[in-house]
Every structure is written in structure tokens, then in C-alpha cells.
Amino acid sequence: MTTIEWTEQTWNPTTGCDRISPGCDHCYAPTMAKRLKGMGQAKYQNDGNSKTSGPGFALTIHPDVLTEPLRWKKPRKVFVNSMSDLFHARVPREFLARVFAVMAATPQHTYQILTKRPERAARILTDLCTCGIGHPPGEHFRSSMEWAATSHSPTYVPGLKHSIYHRSGWPLPNVWIGTSIESDDYTRRADALRNTPAAVRFISAEPLLGPLPSLDLTGIDWLIIGGESGPGARVLETWWIDDLLYEAEQAGAAPFVKQLGSVWARDWTVNGKTVAAHGDTKGGNPDYWPAHLRVREYPKAASDG
């Protein structure tokens, strides 16, 4: 299980990553990976680049984890790769096809994929035809998914049944794909996300490090907003959230305010004590927030299901 407010389960078929933008600077995952490496956890024994990653945090694929969702009977929201980025450049295309085949085979679950590399997601999942026959976008990738469900295939995932190609629509109706946008310098990621086939497209503006005046929410279904927490957390101004809530309403994107961050929690006073002194060091308890920020909605696809 997980304490992440907007999901119910995590699944990490890959672990490890590399920092690529300021939103990565205080990421929890490298610190956790270092601790897990010290505890002897097998998934966290490969060290990454000392400048962009760290001990136990090299990008590593875990084929043995692929079958986990097949054993979950109760439907749930699943955050894919809370300890990695599924579309990292070193995740092989065939492994991505195996991950997507598992998601196709378990339509009872809703999968939430969050990436800072939406350009690669768009390129692989659109997979424009180069064979000359004129296949529709995504056809070749879907064929690779079918191969992962074929028992005599070298990429076969045990437990999958063939004909995933014919049983599943495209994009997969139970897969949400999102991208992280921490400042106005990275709003271009939303453009790549719009080019990515997904049942639900979402943006995580966490950690929100500044206003996002250039962010276009056209075609975006869900907007998560959050301040930074933990050591070295940077400031979040609540008017940045006000602006985003207005833009979400105009665009029809469901807003989900996750937390207001550690700096806010240290500065905001309720009943004579700071929010942090009340025990909420991340500013994640809506009871302490200004009333208009207490918004936690899910996209329409979720309520429909």
C-alpha cells in the first residue's frame, strides 16, 4: 500500500532514475533507495551516477515484478513506478511492451503513470508506422504487447493469455498517463503529453516551484497540485494554486490539491500554533488549509468507472 493521497497501491517494475530538472532536486526516491540498499534490499543494489542519481538508484528493470498485479483481486488505483520513471531512456521498448501487456490483462485496476519524459512516451506509444504498409499509430507497439502475452515468445510474461491485442482497446482504457511540471520553464511537457495516447492525461504540479502562466490545460483531464516537503523544501505561494484552480475550472480539468508543503506548514498558524506544530509537517491535512483550497477531485473517467 502507499501513503500517496491520490493512489492506493504502488508497483515498481523498474527502479532508479536520473535528475533532469529542478523538480528532481529534493526527490524522496534517491534517499529511500540509499536506505534500502543499506538494508540489503535486492532491488536497490545497483548504484547510479553520483551527480544525477545515487547509491542503489541506477535504472534497473525487474522482470520478476511484472506478474504482481495478476495476483491482486480487488480493483485498485496503481501508481506505476513510484521509485522510477517508466519512460526513462534506459527502459527498453520491449520491457515497456511487457508492462503495458500486464496492464491490458488486468482491466480491473486503474494504472497511473507519471513521467518527466513525456516526449519518449508520445514517441513510443504513438509508434508511427515505418514499414510502408500504413498501420495506424500504436499498431507496432500493440503487436509487441501481444508478443509479451504469447507463451512461446522470449518476452512472454507468465500468466498472460494471448489475444490481448483483440481484447484491449487503444489507448488502454485503464491507463492514465501524466507528466510533472514544476515551473513555467517546463510547461512544454504538457504539449508532449497531449500527443500521448491515454485514456486520462494528467499533470502533477508538484513540487510547485513557481506560477505557471504558460501552462495550457487543453486536453488535460486532471491536475494535481502540491508544495514541496522534506529537507530543503522550497516555498510555495498559495496564489500560484489559486491561479491553477481557476485555469483548471476554465479547461474542465479536475483539480486535486495534495499538500501545501513544509514551508507553508511552518509558517501558517491555526489556533495559536503552526500547522507543523500540530503534527502536519507537509501541509497535507486539508483541515488546516484555507477553505477554497480544499479541493480533491478525480477525472471524469474515475467517477464513471
message: Checking Ser214 against Asp184: is there a side-chain donor and acceptor pair closer than 3.5 Å?
response: yes

field: Backbone N/O of Leu36 and side chain of Gln41: donor-acceptor pair under 3.5 Å
entry: no

field: Flag, side chain of Arg296 to backbone of Lys258, donor-acceptor distance under 3.5 Å
entry: yes

query: For Arg266 and Ser262, does a side-chain donor sit closer than 3.5 Å to a side-chain acceptor?
result: no

- request: Kindly indicate whether a cation-pi arrangement holds for Lys77 with Tyr298, taking the cut-offs as under 6.0 Å to the six-membered ring centre and within 45° of the axis.
  value: yes

- prompt: Do the side-chain N and O atoms of His62 and Thr14 include a donor-acceptor pair separated by under 3.5 angstrom?
  reply: no

query: With no hydrogens and no angle check, do the side chains of Glu94 and Thr155 hold a donor and an acceptor under 3.5 Å apart?
result: no

- request: Flag the pair Asp191 and Arg194 as a salt bridge only when some basic side-chain nitrogen lies within less than 4.0 angstrom of an acidic carboxylate oxygen.
  value: yes

field: Ser82-Asn12 side chain donor-acceptor pair, cut-off 3.5 Å
entry: yes

Side-chain (Asp85) to main-chain (Thr115) donor-acceptor, under 3.5 angstrom: no

- prompt: Given side chains that start at C-beta, do those of Ile225 and Leu245 come closer than 4.5 Å, heavy atoms only?
  reply: yes

message: Side chains of Asp18 and Ser53: any donor to acceptor distance under 3.5 Å?
response: no

Trp11 side chain reached by Val102 side chain, heavy atoms, under 4.5 Å: yes

- prompt: Is there side-chain contact between Trp268 and Leu260, with heavy atoms separated by less than 4.5 Å?
  reply: no

task: Could you tell me whether the side chains of Thr106 and Tyr111 share a donor-acceptor contact shorter than 3.5 Å?
output: yes

- prompt: Quick one: do Ile203 and Tyr246 end up in the same hydrophobic cluster if we chain Ile, Leu, Val, Met, Phe, Trp and Tyr together by side-chain heavy atoms under 4.5 Å apart?
  reply: no

message: How long is the straight-line distance from OG1 of Thr15 back to CE of Met32, given to the nearest 0.5 Å?
response: 12.5 Å

message: Quick one: does any side-chain atom of Glu146 pair with a main-chain N or O of Tyr165 as donor and acceptor, under 3.5 Å?
response: yes

task: Measure the shortest side-chain to side-chain distance between Gln250 and Leu217 over non-hydrogen atoms and say whether it is less than 4.5 angstrom.
output: no

- prompt: Does Arg120 reach the main-chain N or O of His88 with its side chain, forming a donor-acceptor pair under 3.5 Å?
  reply: yes

- request: Side-chain contact test, heavy atoms from C-beta onward, threshold under 4.5 Å: evaluate it for His26 versus Pro207 and give yes or no.
  value: no

query: Counting only N and O atoms by type, is there a donor-acceptor contact under 3.5 Å from the side chain of Arg294 to the main-chain atoms of Pro286?
result: yes

message: Looking at every heavy atom in both Ala248 and Leu223, which two are closest together, and how far apart are they?
response: CB-CD2, 4.2 Å

query: So, Gln9 side chain and Val78 main chain: donor-acceptor pair closer than 3.5 Å or not?
result: no

message: salt bridge (charged side-chain N to carboxylate O under 4.0 Å, His left out), that's the test. Do Arg142 and Asp127 meet it? Break it down for me.
response: CA-CA 9 Å; Arg142 292 179 67 195; Asp127 199 16; over 6 Å; no

field: Side-chain heavy atoms of Phe95 within contact of Leu66, under 4.5 Å
entry: yes

message: Does the plane of the ring in Trp176 sit parallel, tilted or perpendicular to the ring in Trp222? Use 30° and 60° as the thresholds.
response: perpendicular

- prompt: Is it the case that one hydrophobic cluster holds both Val235 and Trp239, taking links as side-chain heavy atoms less than 4.5 Å apart, direct or via other members?
  reply: no

query: For Phe57, what residues pass the ring-ring contact (aromatic ring centres under 6.0 Å, His included) criterion, not counting sequence neighbours?
result: none

field: Check: Ser153 side chain, Ala149 main-chain N or O, donor-acceptor pair, under 3.5 Å
entry: no

statement: Nearest heavy-atom approach of Glu182 to Gly23 is OE2-N, 2.7 Å

query: Same cluster or not: are Val91 and Met145 linked, directly or through other Ile, Leu, Val, Met, Phe, Trp or Tyr residues, by side-chain heavy atoms under 4.5 angstrom apart?
result: yes

task: Using only heavy-atom distances, determine whether the side chains of His292 and Asp242 contain a donor-acceptor pair under 3.5 Å.
output: yes

query: Quick one: are Trp289 and Thr238 in side-chain contact, heavy atoms under 4.5 Å?
result: no

Audit row: Asn46, Thr60, side-chain hydrogen bond (donor to acceptor under 3.5 Å, both in side chains) steps and yes/no: CA-CA 7 Å; Asn46 296 331; Thr60 307; 3.2 Å; yes

message: Can you see whether Ser21 engages Arg189 through a side-chain donor-acceptor pair at a distance of less than 3.5 angstrom?
response: yes

